[in-house]
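Let me begin by presenting the structure, written as C-alpha coordinates, before commenting on it.
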Amino acid sequence: MKAGIVGIGRYLPEKILTNADLEKMVDTSDEWIRTRTGIEERRIAGDDIDTSDMGYEAAKKAIEDAGISPEDIDLILVATVTPDQPFPSVACMLQERLGAKKAAAMDVSAACAGFMYGIVTGKQFIESGVYKHVLVVGVEKLSKVTNWEDRNTAVLFGDGAGAVILGQVSENRGILSFELGADGTGAKHLYQDEYIIMNGREVFKFAVRQMGESCINVLEKAGLTKEDVDFLIPHQANIRIMEASRQRLELPVEKMSKTVHKYGNTSAASIPISIVEELEAGKIKDDDLIVMVGFGGGLTWGAIAIRWGK
Ligand SMILES: CC(C)(COP(=O)(O)OP(=O)(O)OC[C@H]1O[C@@H](n2cnc3c(N)ncnc32)[C@H](O)[C@@H]1OP(=O)(O)O)[C@@H](O)C(=O)NCCC(=O)NCCS
(Lines give C-alpha, C1' and ligand atoms only; values in the text may rest on other atoms or scores of the structure.)
Protein backbone atom coordinates (compact mmCIF):
# COMPACT_ATOMS: atom_id res chain seq x y z
CA MET A 1 0.00 0.00 0.00
CA LYS A 2 1.34 3.46 -0.93
CA ALA A 3 0.53 6.74 0.82
CA GLY A 4 0.30 9.93 -1.20
CA ILE A 5 -1.21 13.39 -1.25
CA VAL A 6 -4.86 13.29 -2.36
CA GLY A 7 -6.00 16.81 -1.43
CA ILE A 8 -4.40 20.21 -0.83
CA GLY A 9 -5.27 23.69 0.43
CA ARG A 10 -3.64 26.87 1.68
CA TYR A 11 -4.53 30.07 3.49
CA LEU A 12 -2.61 33.34 3.61
CA PRO A 13 -3.65 36.40 5.60
CA GLU A 14 -4.43 39.44 3.46
CA LYS A 15 -2.20 41.98 5.17
CA ILE A 16 1.09 42.48 3.32
CA LEU A 17 4.23 43.77 5.06
CA THR A 18 6.75 44.98 2.47
CA ASN A 19 10.48 45.58 2.81
CA ALA A 20 9.69 49.29 2.52
CA ASP A 21 7.43 48.97 5.58
CA LEU A 22 10.28 47.26 7.48
CA GLU A 23 12.67 50.09 6.56
CA LYS A 24 10.48 52.29 8.76
CA MET A 25 10.58 49.81 11.66
CA VAL A 26 14.25 48.72 11.92
CA ASP A 27 17.66 49.78 10.53
CA THR A 28 17.49 47.81 7.27
CA SER A 29 16.98 48.33 3.55
CA ASP A 30 14.97 46.72 0.78
CA GLU A 31 18.25 46.11 -1.05
CA TRP A 32 19.83 44.26 1.92
CA ILE A 33 16.77 42.06 2.46
CA ARG A 34 16.39 41.19 -1.24
CA THR A 35 20.04 40.36 -1.86
CA ARG A 36 20.59 38.40 1.41
CA THR A 37 17.27 36.54 1.55
CA GLY A 38 15.25 36.95 -1.68
CA ILE A 39 12.28 38.19 0.37
CA GLU A 40 10.25 41.13 -0.97
CA GLU A 41 7.16 40.95 1.21
CA ARG A 42 5.40 38.67 3.71
CA ARG A 43 1.87 38.19 5.05
CA ILE A 44 0.95 39.10 8.63
CA ALA A 45 -2.16 37.81 10.42
CA GLY A 46 -4.12 40.44 12.34
CA ASP A 47 -4.98 40.21 16.04
CA ASP A 48 -8.28 38.55 15.17
CA ILE A 49 -6.61 35.63 13.29
CA ASP A 50 -4.73 33.02 15.30
CA THR A 51 -2.87 29.88 14.19
CA SER A 52 -5.95 27.63 14.42
CA ASP A 53 -7.98 30.04 12.25
CA MET A 54 -5.44 29.86 9.43
CA GLY A 55 -5.06 26.09 9.82
CA TYR A 56 -8.83 25.67 9.68
CA GLU A 57 -9.14 27.60 6.40
CA ALA A 58 -6.35 25.57 4.74
CA ALA A 59 -7.72 22.26 6.09
CA LYS A 60 -11.26 22.97 4.81
CA LYS A 61 -9.88 23.46 1.29
CA ALA A 62 -7.76 20.30 1.45
CA ILE A 63 -10.75 18.22 2.57
CA GLU A 64 -12.87 19.62 -0.26
CA ASP A 65 -10.07 19.06 -2.77
CA ALA A 66 -9.77 15.41 -1.66
CA GLY A 67 -13.52 14.94 -2.12
CA ILE A 68 -13.96 13.50 1.38
CA SER A 69 -16.02 14.55 4.38
CA PRO A 70 -14.45 15.62 7.72
CA GLU A 71 -15.80 12.43 9.26
CA ASP A 72 -13.59 10.39 6.91
CA ILE A 73 -10.45 11.75 8.63
CA ASP A 74 -8.77 9.29 10.99
CA LEU A 75 -5.93 11.45 12.27
CA ILE A 76 -5.09 15.16 12.36
CA LEU A 77 -1.44 16.19 12.64
CA VAL A 78 -0.68 19.90 12.93
CA ALA A 79 2.92 20.96 12.47
CA THR A 80 3.39 24.24 14.32
CA VAL A 81 5.63 25.99 16.85
CA THR A 82 3.18 28.86 17.28
CA PRO A 83 0.03 27.16 18.63
CA ASP A 84 -2.85 29.27 19.98
CA GLN A 85 -1.88 28.01 23.47
CA PRO A 86 0.29 25.18 24.89
CA PHE A 87 -2.80 22.95 25.12
CA PRO A 88 -5.28 21.91 23.89
CA SER A 89 -3.41 21.35 20.64
CA VAL A 90 -4.26 23.17 17.43
CA ALA A 91 -5.07 19.70 16.06
CA CYS A 92 -7.82 19.25 18.68
CA MET A 93 -9.18 22.73 17.91
CA LEU A 94 -9.37 21.80 14.22
CA GLN A 95 -10.95 18.44 15.02
CA GLU A 96 -13.82 20.28 16.72
CA ARG A 97 -14.18 23.07 14.13
CA LEU A 98 -14.05 20.74 11.14
CA GLY A 99 -16.41 18.22 12.73
CA ALA A 100 -13.84 15.45 12.24
CA LYS A 101 -15.50 13.39 14.96
CA LYS A 102 -13.60 10.16 14.29
CA ALA A 103 -10.13 11.71 14.17
CA ALA A 104 -7.34 11.40 16.71
CA ALA A 105 -5.44 14.67 16.95
CA MET A 106 -2.04 15.98 17.98
CA ASP A 107 0.47 18.73 17.17
CA VAL A 108 3.96 17.99 15.86
CA SER A 109 6.82 20.22 17.04
CA ALA A 110 9.77 20.16 14.65
CA ALA A 111 9.90 23.85 13.69
CA CYS A 112 10.43 24.49 9.97
CA ALA A 113 10.87 20.75 9.32
CA GLY A 114 7.52 20.09 11.02
CA PHE A 115 5.55 19.51 7.84
CA MET A 116 8.02 16.83 6.72
CA TYR A 117 7.76 15.16 10.16
CA GLY A 118 3.96 15.29 9.89
CA ILE A 119 3.87 13.78 6.41
CA VAL A 120 6.22 10.94 7.33
CA THR A 121 4.24 10.19 10.52
CA GLY A 122 0.93 10.16 8.65
CA LYS A 123 2.37 7.94 5.93
CA GLN A 124 3.08 5.17 8.47
CA PHE A 125 -0.58 4.95 9.50
CA ILE A 126 -1.81 4.82 5.90
CA GLU A 127 0.72 2.24 4.73
CA SER A 128 0.15 -0.03 7.73
CA GLY A 129 -3.52 -0.06 6.71
CA VAL A 130 -4.64 1.29 10.09
CA TYR A 131 -5.97 4.63 8.80
CA LYS A 132 -7.43 5.73 5.45
CA HIS A 133 -7.16 9.53 5.64
CA VAL A 134 -4.72 11.69 7.57
CA LEU A 135 -4.96 15.49 7.58
CA VAL A 136 -1.51 17.11 7.84
CA VAL A 137 -1.47 20.88 8.40
CA GLY A 138 1.59 23.15 8.48
CA VAL A 139 0.67 26.48 10.04
CA GLU A 140 2.47 29.33 11.78
CA LYS A 141 1.73 32.73 13.17
CA LEU A 142 5.39 33.67 13.55
CA SER A 143 4.52 37.36 13.80
CA LYS A 144 3.51 36.79 17.43
CA VAL A 145 6.97 35.49 18.41
CA THR A 146 8.96 37.91 16.23
CA ASN A 147 10.87 40.73 17.92
CA TRP A 148 9.94 43.64 15.64
CA GLU A 149 12.93 45.60 16.95
CA ASP A 150 15.50 42.95 15.95
CA ARG A 151 16.56 43.44 12.34
CA ASN A 152 18.33 40.04 12.31
CA THR A 153 15.01 38.18 12.48
CA ALA A 154 12.18 40.67 11.83
CA VAL A 155 12.81 40.72 8.08
CA LEU A 156 12.68 36.93 7.64
CA PHE A 157 9.36 35.56 8.81
CA GLY A 158 5.70 35.54 7.77
CA ASP A 159 2.35 33.93 8.65
CA GLY A 160 0.33 31.35 6.71
CA ALA A 161 -1.02 27.81 6.46
CA GLY A 162 -0.98 24.84 4.10
CA ALA A 163 -2.75 21.49 4.43
CA VAL A 164 -2.82 18.13 2.72
CA ILE A 165 -4.89 14.98 2.96
CA LEU A 166 -2.83 11.81 2.88
CA GLY A 167 -4.54 8.73 1.51
CA GLN A 168 -3.89 5.55 -0.38
CA VAL A 169 -2.67 6.05 -3.97
CA SER A 170 -1.80 3.68 -6.81
CA GLU A 171 1.26 1.46 -6.41
CA ASN A 172 3.62 3.44 -8.68
CA ARG A 173 2.74 6.81 -7.11
CA GLY A 174 3.01 8.35 -3.66
CA ILE A 175 5.84 8.73 -1.13
CA LEU A 176 8.78 6.62 -2.34
CA SER A 177 11.29 7.38 0.40
CA PHE A 178 11.98 9.73 3.29
CA GLU A 179 14.63 10.96 5.68
CA LEU A 180 14.09 12.60 9.06
CA GLY A 181 16.85 13.81 11.32
CA ALA A 182 17.71 15.94 14.32
CA ASP A 183 20.80 17.39 15.98
CA GLY A 184 19.98 18.74 19.43
CA THR A 185 23.53 20.03 19.85
CA GLY A 186 22.56 22.84 17.47
CA ALA A 187 19.54 23.93 19.55
CA LYS A 188 21.39 27.07 20.66
CA HIS A 189 21.50 28.45 17.11
CA LEU A 190 17.74 28.90 16.71
CA TYR A 191 15.17 28.96 19.48
CA GLN A 192 12.34 30.89 21.05
CA ASP A 193 12.79 32.57 24.40
CA GLU A 194 10.09 35.23 24.46
CA TYR A 195 10.92 35.92 20.82
CA ILE A 196 12.87 34.08 18.12
CA ILE A 197 16.64 34.15 18.75
CA MET A 198 18.88 33.15 15.84
CA ASN A 199 22.53 32.78 14.93
CA GLY A 200 21.97 33.34 11.21
CA ARG A 201 25.43 32.31 10.03
CA GLU A 202 25.38 28.97 11.87
CA VAL A 203 21.85 28.16 10.69
CA PHE A 204 22.83 29.10 7.15
CA LYS A 205 25.84 26.72 7.14
CA PHE A 206 23.80 23.87 8.60
CA ALA A 207 20.95 24.41 6.15
CA VAL A 208 23.10 24.49 3.04
CA ARG A 209 24.88 21.26 4.03
CA GLN A 210 21.84 19.35 5.30
CA MET A 211 19.31 20.28 2.60
CA GLY A 212 21.64 19.11 -0.16
CA GLU A 213 22.56 15.89 1.66
CA SER A 214 18.95 15.01 2.46
CA CYS A 215 17.92 15.46 -1.18
CA ILE A 216 20.61 13.04 -2.31
CA ASN A 217 19.79 10.58 0.51
CA VAL A 218 16.07 10.28 -0.33
CA LEU A 219 16.91 9.73 -3.99
CA GLU A 220 19.38 6.96 -3.11
CA LYS A 221 16.83 5.34 -0.79
CA ALA A 222 14.29 5.30 -3.65
CA GLY A 223 16.87 3.84 -6.06
CA LEU A 224 16.82 7.05 -8.12
CA THR A 225 19.34 9.69 -9.20
CA LYS A 226 19.43 13.47 -9.64
CA GLU A 227 18.54 13.03 -13.30
CA ASP A 228 15.16 11.54 -12.31
CA VAL A 229 14.00 14.65 -10.41
CA ASP A 230 11.29 16.75 -12.10
CA PHE A 231 10.75 19.38 -9.42
CA LEU A 232 12.22 20.52 -6.08
CA ILE A 233 10.18 22.06 -3.27
CA PRO A 234 12.60 23.30 -0.60
CA HIS A 235 11.60 24.99 2.65
CA GLN A 236 11.33 28.67 1.75
CA ALA A 237 13.74 30.23 4.26
CA ASN A 238 16.22 32.08 2.11
CA ILE A 239 16.76 32.05 -1.65
CA ARG A 240 20.51 31.46 -1.24
CA ILE A 241 19.93 28.31 0.84
CA MET A 242 17.31 27.09 -1.65
CA GLU A 243 19.67 27.75 -4.55
CA ALA A 244 22.35 25.60 -2.90
CA SER A 245 20.00 22.58 -2.87
CA ARG A 246 18.93 23.23 -6.44
CA GLN A 247 22.55 23.31 -7.57
CA ARG A 248 23.29 20.10 -5.64
CA LEU A 249 20.56 18.42 -7.73
CA GLU A 250 21.78 20.22 -10.89
CA LEU A 251 18.25 21.37 -11.67
CA PRO A 252 17.41 24.39 -13.84
CA VAL A 253 15.89 27.41 -12.04
CA GLU A 254 12.38 26.74 -13.36
CA LYS A 255 12.36 23.31 -11.66
CA MET A 256 12.51 24.72 -8.14
CA SER A 257 9.58 26.18 -6.26
CA LYS A 258 10.03 29.80 -5.22
CA THR A 259 7.44 31.53 -3.05
CA VAL A 260 9.85 33.06 -0.50
CA HIS A 261 9.76 36.46 -2.26
CA LYS A 262 6.00 36.76 -1.58
CA TYR A 263 5.61 35.10 1.81
CA GLY A 264 9.00 35.08 3.55
CA ASN A 265 9.76 32.14 5.83
CA THR A 266 6.44 30.69 7.04
CA SER A 267 8.19 27.78 8.81
CA ALA A 268 6.07 24.59 8.80
CA ALA A 269 3.64 26.18 6.31
CA SER A 270 6.14 26.99 3.57
CA ILE A 271 6.27 23.60 1.82
CA PRO A 272 2.49 22.94 1.68
CA ILE A 273 1.83 26.55 0.57
CA SER A 274 4.39 26.03 -2.21
CA ILE A 275 2.81 22.72 -3.31
CA VAL A 276 -0.53 24.49 -3.84
CA GLU A 277 1.05 27.41 -5.72
CA GLU A 278 3.05 25.15 -8.05
CA LEU A 279 0.05 22.96 -8.81
CA GLU A 280 -2.00 26.04 -9.63
CA ALA A 281 0.81 27.29 -11.86
CA GLY A 282 0.79 23.95 -13.70
CA LYS A 283 4.40 23.19 -12.74
CA ILE A 284 3.59 19.86 -11.09
CA LYS A 285 2.00 17.10 -13.18
CA ASP A 286 0.91 13.54 -12.48
CA ASP A 287 3.84 11.10 -12.36
CA ASP A 288 6.42 13.86 -11.77
CA LEU A 289 9.13 12.94 -9.29
CA ILE A 290 9.20 15.66 -6.65
CA VAL A 291 11.70 16.12 -3.84
CA MET A 292 10.54 18.12 -0.80
CA VAL A 293 13.08 19.12 1.83
CA GLY A 294 12.92 21.16 5.03
CA PHE A 295 15.17 22.19 7.94
CA GLY A 296 14.65 24.17 11.09
CA GLY A 297 15.16 24.83 14.77
CA GLY A 298 16.00 21.84 16.91
CA LEU A 299 17.96 21.45 14.79
CA THR A 300 15.70 19.29 12.62
CA TRP A 301 15.47 18.25 9.01
CA GLY A 302 13.33 16.09 6.75
CA ALA A 303 12.90 15.19 3.11
CA ILE A 304 10.67 13.02 0.94
CA ALA A 305 10.75 11.81 -2.65
CA ILE A 306 7.19 11.56 -3.98
CA ARG A 307 5.77 10.45 -7.32
CA TRP A 308 2.87 12.89 -7.80
CA GLY A 309 -0.70 11.74 -8.39
CA LYS A 310 -3.45 9.64 -6.84
C1 LIG B 1 20.19 35.98 8.37
C2 LIG B 1 20.96 35.96 7.07
C3 LIG B 1 20.03 36.38 5.95
C4 LIG B 1 22.10 36.96 7.16
O5 LIG B 1 22.77 36.98 5.94
P6 LIG B 1 24.38 36.90 5.92
O7 LIG B 1 24.83 37.06 4.54
O8 LIG B 1 24.74 35.65 6.63
O9 LIG B 1 24.74 38.17 6.74
P10 LIG B 1 25.78 38.22 7.96
O11 LIG B 1 25.39 37.26 9.03
O12 LIG B 1 27.11 38.09 7.34
O13 LIG B 1 25.54 39.69 8.50
C14 LIG B 1 26.03 40.78 7.81
C15 LIG B 1 25.68 42.05 8.56
O16 LIG B 1 24.33 42.43 8.26
C17 LIG B 1 23.70 42.86 9.45
N18 LIG B 1 22.26 42.64 9.34
C19 LIG B 1 21.54 41.62 9.86
N20 LIG B 1 20.25 41.79 9.54
C21 LIG B 1 20.15 42.90 8.81
C22 LIG B 1 19.10 43.60 8.21
N23 LIG B 1 17.83 43.13 8.27
N24 LIG B 1 19.37 44.70 7.51
C25 LIG B 1 20.61 45.18 7.41
N26 LIG B 1 21.65 44.58 7.99
C27 LIG B 1 21.44 43.46 8.67
C28 LIG B 1 24.35 42.08 10.53
O29 LIG B 1 24.23 42.77 11.74
C30 LIG B 1 25.78 41.99 10.06
O31 LIG B 1 26.44 43.15 10.47
P32 LIG B 1 27.92 43.07 11.10
O33 LIG B 1 28.75 42.39 10.05
O34 LIG B 1 28.24 44.50 11.32
O35 LIG B 1 27.75 42.26 12.34
C36 LIG B 1 21.53 34.55 6.79
O37 LIG B 1 22.54 34.27 7.71
C38 LIG B 1 20.49 33.48 6.82
O39 LIG B 1 19.60 33.44 6.03
N40 LIG B 1 20.64 32.50 7.76
C41 LIG B 1 19.68 31.46 7.90
C42 LIG B 1 18.47 31.99 8.61
C43 LIG B 1 17.28 31.06 8.49
O44 LIG B 1 17.00 30.54 7.46
N45 LIG B 1 16.55 30.92 9.61
C46 LIG B 1 15.37 30.16 9.65
C47 LIG B 1 15.65 28.69 9.63
S48 LIG B 1 14.22 27.77 9.42
Side-chain angles (χ1 to χ4, degrees), residues 17-42 79-82 108-118 138-143 145-160 162 180-184 186-193 195-212 214 233-246 256-261 263-274 292-303:
L17 185 73
T18 65
N19 291 350
D21 295 329
L22 278 159
E23 283 177 352
K24 294 179 204 132
M25 297 161 67
V26 286
D27 179 15
T28 191
S29 67
D30 174 50
E31 202 266 332
W32 192 96
I33 304 171
R34 275 176 202 255
T35 53
R36 300 299 174 111
T37 71
I39 301 168
E40 293 166 23
E41 55 188 47
R42 67 289 288 144
T80 188
V81 288
T82 49
V108 177
S109 175
C112 302
F115 185 72
M116 291 289 96
Y117 269 74
V139 56
E140 302 287 5
K141 188 176 176 181
L142 290 166
S143 60
V145 295
T146 299
N147 179 354
W148 293 105
E149 293 174 3
D150 174 16
R151 69 175 183 175
N152 289 298
T153 51
V155 302
L156 300 178
F157 301 106
D159 301 335
L180 294 180
D183 176 8
K188 56 185 177 287
H189 299 316
L190 180 56
Y191 61 96
Q192 187 199 332
D193 189 356
Y195 297 118
I196 298 168
I197 314 278
M198 184 183 75
N199 179 338
R201 274 175 214 178
E202 285 302 323
V203 176
F204 190 94
K205 279 192 282 183
F206 153 72
V208 165
R209 188 187 67 245
Q210 194 57 55
M211 296 259 277
S214 291
I233 304 185
H235 168 47
Q236 308 280 311
N238 177 318
I239 190 69
R240 293 185 292 148
I241 298 171
M242 293 156 53
E243 278 295 314
S245 350
R246 181 181 70 75
M256 180 182 77
S257 176
K258 188 184 131 206
T259 58
V260 70
H261 59 298
Y263 307 133
N265 179 349
T266 57
S267 187
S270 92
I271 293 177
I273 288 171
S274 294
M292 301 180 189
V293 59
F295 70 94
L299 300 165
T300 53
W301 62 91

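Numbering of ligands and ligand atoms starts at 1, following listing order. Numbering starts at 1 and runs along the sequence shown.
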Contact with ligand 1 for Ile33, non-hydrogen, under 4.0 angstrom: no

Ala237 neighbourhood, listing ligand 1 atoms whose heavy-atom distance to it stays under 4.0 Å: 44 (O)

When you look at Leu156 and Met198, which way does the side-chain contact (heavy atoms from CB on, under 4.5 Å) test go after all the steps? CA-CA 11 Å; Leu156 300 178; Met198 184 183 75; 3.4 Å; yes

Nearest neighbour in protein (non-hydrogen) for atom 39 (O) of ligand 1: Asn238 ND2, 2.6 Å

For Ala111, which residues count as a side-chain contact (heavy atoms from CB on, under 4.5 Å) partner, sequence neighbours excluded? Val81

May I have the step-by-step check of salt bridge (charged side-chain N to carboxylate O under 4.0 Å, His left out) for Glu243 and Arg240, ending in yes or no? CA-CA 5 Å; Glu243 278 295 314; Arg240 293 185 292 148; over 6 Å; no

What atoms of ligand 1 come within less than 4.0 Å of a heavy atom belonging to Val155? 23 (N)

Locate the shortest heavy-atom distance separating Ala182 from Tyr117; write the atom from each residue and the value. CB-OH, 4.0 Å

Shortest non-hydrogen contact from Leu142 to Gly158? CD1-O, 3.7 Å

Provide the closest heavy-atom pair for Asp159 versus Ser143 in the form atom of the first, atom of the second, distance. OD2-OG, 2.7 Å

My understanding is that only one of Thr80, Asn265, Thr266 makes a side chain to side chain donor-acceptor pair (under 3.5 Å) with Glu140; could you say which? Thr80

Counting non-hydrogen protein atoms only, what is the nearest one to atom 48 (S) of ligand 1? Give residue, atom name and distance. Cys112 SG, 3.0 Å

Under-4.0 Å heavy-atom contact between protein and atom 34 (O) of ligand 1: no

In this structure, atom 29 (O) of ligand 1 is nearest to the protein heavy atom Arg151 NH2, 3.2 Å

Ignoring angles and geometry beyond distance, decide whether Arg36 reaches within less than 3.5 Å of ligand 1 through its nitrogen or oxygen atoms. yes

May I ask you to identify the nearest protein heavy atom to atom 24 (N) of ligand 1, giving residue, atom name and distance to one decimal place in Å? Thr28 OG1, 2.6 Å

Minimal non-hydrogen separation, Leu190 against Gly296, with atom names: CD2-C, 4.2 Å

Identify the heavy atoms of Ser267 and His235 that sit nearest to each other, and give their distance. O-CE1, 3.5 Å

Starting from atom 20 (N) of ligand 1, locate the nearest protein heavy atom and write down its residue, its atom name and how far away it is, to 0.1 Å. Trp32 CH2, 3.4 Å

Mark up the atoms of ligand 1 that fall under 4.0 Å of a heavy atom belonging to Leu190, in ascending order. 47 (C)

Which heavy atom in Tyr263 sits nearest to a heavy atom in Arg42, and how many Å separate them? O-CB, 3.6 Å

Selection from Arg240, Arg201, His189 by shortest heavy-atom distance to atom 12 (O) of ligand 1: Arg201

Residue and atom name of the nearest protein heavy atom (relative to atom 42 (C) of ligand 1), distance in Å to one decimal: Met198 SD, 3.5 Å

Numbered atoms of ligand 1 (with element) below 4.0 Å of Thr37, judged on heavy atoms: 3 (C)

In ligand 1, the atoms that come under 4.0 Å of a heavy atom of Asn265 are 46 (C), 48 (S)

Right, does atom 37 (O) of ligand 1 have protein non-hydrogen atoms nearer than 4.0 Å? yes

Look at atom 47 (C) of ligand 1 and say which protein heavy atom is nearest, naming residue and atom and giving the distance to 0.1 Å. Phe295 CE1, 3.5 Å

Listed by chain and number, what are the side-chain hydrogen bond (donor to acceptor under 3.5 Å, both in side chains) partners of Lys205, not counting sequence neighbours? Glu202

For atom 41 (C) of ligand 1, which protein heavy atom lies nearest, and how many Å away is it? Gly200 O, 3.6 Å

